[in-house]
> 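I'd like to ask you about the structure that follows.
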Protein chains: 2
Amino acid sequence: MSDSFPPKRGRPGYDQRAILEIAVGAFNEFGYDATSMGVLATRLTLSKAAIYHHFSSKDEVLQLALDEALNGLEGVLLQPGALTGSAIDRLAHVLRGAVHILTTRLPYVTLLLRVRGNTEVERLALTRRRAFDRAVTSLVVEARDEGSLRSDIDPRVVTRLLFGMVNSIAEWYRPEGPEDAAQLADDVLAVALDGLRRR
Amino acid sequence: MSDSFPPKRGRPGYDQRAILEIAVGAFNEFGYDATSMGVLATRLTLSKAAIYHHFSSKDEVLQLALDEALNGLEGVLLQPGALTGSAIDRLAHVLRGAVHILTTRLPYVTLLLRVRGNTEVERLALTRRRAFDRAVTSLVVEARDEGSLRSDIDPRVVTRLLFGMVNSIAEWYRPEGPEDAAQLADDVLAVALDGLRRR
DNA sequence: GTCTATAATTAGATAGAC
DNA sequence: GTCTATCTAATTATAGAC
């Protein structure tokens, strides 16, 4: 930390990361398209031009935000728990990991889940997201083949319903709230694997 | 049908309903905010001004579309199957009904699920949607109290995970596709009530 | 029911000073 | 790192003719 202060001359100011965080918050509140660089500047108590000092375009702000979410999800697939053991255990690990990324990088994943593919940046993000989905579908197929999962429902439908549950967490989970993230992951797995009916 | 032809003078043209359908399709493809009246006019092979003959504003187009979805969902709560019988049966009826509305009014419900509350029209729609959610939460609580559902998971979390599964159907269900809508409702109930694990 | 033309506003982005 | 001022293009919406 020999030269940690030189950039601290004059006004404090923002770095790229700090702007990204506030921008993603606004994108999630109003929607990416409905969030103009003008209101973004107002939120930052900054001029529009100052934002362009940190990002080359509105598109690039979105790009970096989506990377944050996708890198996290793809990372889960590379963890040891996702690579070794029975298929049902690997599937459970990935679902828990997805819930973990969702809750720890909530604004970024929320943004990712709302992307529709309007621009090249959005289409690339959708491609990476679909690849993640396919990896999980493979795990569902494996778990069914090893006899761990029921075989009367199409694996793609199963995967989609699983992600439906997991991804919907982004709509209502709040870090300050009563729900513990690990408990939430347990609940998702309990409902998904054993169902809601009392036995 | 004594006077069904007088409006058919001159060019065929659109009525409000036909424009609404195409508009909702565009809103879902690009997002409401990203869909300008200009591209809407292009889709309709119509001028922008012609659209304003049928709707007073872009906002009103959204309003009518959201009503279509909300009226359908609220209607499910009024059906006999939602009002009589055990709580678990009423809950199952409402979930099936929600899947039915989702699949039969797919574009309208899809649009509803993406509304964020930017305008007064959107906020009113969110209020009605939350009221529907609360009604289902009540059914979950009743079903738990009558001993039909497990009691170790918070009813609000249960409701949200249920809606997570149901609503996610809008992301991938296509009427032309292989999935039958009634079969799909069965699958949702099977996963939700009995779980995925093989017994 | 639709058109062309246009008003009024706002969008994303840049220039150049400090 | 931030500012004011400004550009160009696109936006929602309207006026008035056919």
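Fair warning: this is a prediction, and the values are worked out from it, not measured in the lab. Numbers restart at 1 for each chain; the letters A, B, ... are given by sequence-line order, proteins then strands.
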> Looking at residues at least two apart in the chain, or sitting in another chain, which of them share a salt bridge (Lys or Arg N to Asp or Glu O under 4.0 Å) with B:Glu68?
B:Arg17, B:Arg105
> Please report the distance, rounded to the nearest Å, between NE2 in B:His54 and P in D:dA13.
16 Å
> So if I take the C1' atoms of five pairs at each end of the helix from C:dG1-D:dC18 to C:dC18-D:dG1 and get each local axis, what angle do the two axes make, rounded to 10 degrees?
10°
> Among B:Ile88, B:Leu149, B:Val140, which one satisfies side chain to side chain contact (heavy atoms under 4.5 Å, CB included) with A:Leu196?
B:Leu149
> Check whether any side-chain N or O of B:His53 sits under 4.0 Å from OP1 or OP2 of C:dT2, and answer yes or no.
no
> Using a cut-off of under 3.5 Å, enumerate the N/O to N/O pairs linking the protein to nucleotides 16-18 of chain D.
none

> Considering all heavy atoms of both residues, which atom of B:Thr35 and which atom of B:Ala26 are nearest to each other, and what is their separation?
OG1-O, 3.3 Å
> Can you measure A:Phe30 atom CZ to C:dA11 atom P for me and round it to whole angstrom units?
12 Å
> For A:Phe30, does its backbone N or O pair with a side-chain atom of B:Asn118 as donor and acceptor, under 3.5 Å?
yes
> Only pairs under 3.5 Å count here: list side-chain donor-acceptor contacts from residues 124-132 of chain A, not counting sequence neighbours, and write none if there are none.
from: A:Thr127; atom 1: OG1; to: A:Arg123; atom 2: O; distance (Å): 3.0
from: A:Arg128; atom 1: NE; to: A:Glu74; atom 2: OE2; distance (Å): 2.9
from: A:Arg128; atom 1: NH1; to: A:Asp67; atom 2: OD1; distance (Å): 3.0
from: A:Arg128; atom 1: NH2; to: A:Asn71; atom 2: OD1; distance (Å): 2.8
from: A:Arg128; atom 1: NH2; to: A:Glu74; atom 2: OE1; distance (Å): 2.8

> Can you confirm whether the side chains of A:Gln63 and A:Asp59 place a donor and an acceptor under 3.5 Å from each other?
no
> Between B:Glu29 and B:Arg43, does any NZ, NE, NH1 or NH2 come within less than 4.0 Å of an OD or OE carboxylate oxygen?
yes
> Atom CD1 of B:Ile51 and atom P of D:dA13: how far apart are they, to the nearest Å?
11 Å
> Whole-Å distance between D:dG1 C1' and A:Leu46 CG?
8 Å
> For nucleotides 10-12 of chain D, give me every protein contact, N/O to N/O, under 3.5 Å, one pair per line with atom names.
from: D:dT12; atom 1: OP1; to: B:Lys58; atom 2: NZ; distance (Å): 3.1
from: D:dT12; atom 1: OP2; to: B:Met37; atom 2: N; distance (Å): 2.8
from: D:dT12; atom 1: O4; to: B:Lys48; atom 2: NZ; distance (Å): 3.1

> Tell me whether A:Arg116 at atom CZ has more than 12 heavy atoms from other residues, nucleotides or ligands lying less than 6.0 Å away.
yes
> The side chain of A:Ser47 lies closest to which of these nucleotides: C:dG1, D:dC3, C:dC3?
D:dC3
> So which heavy atom on A:Val166 is nearest to which on A:Ala98, and how close?
CG1-CB, 4.2 Å
> Apply ring pair (Phe, Tyr, Trp, His ring centres under 6.0 Å) to A:Tyr108 and list each qualifying residue two or more places apart in sequence or on a separate chain.
none
> To the nearest Å, give me how far apart CD (B:Glu60) and P (D:dA13) are.
11 Å
> Short question: side chain of B:Tyr14, backbone of B:Leu44 - any donor-acceptor pair under 3.5 Å?
yes
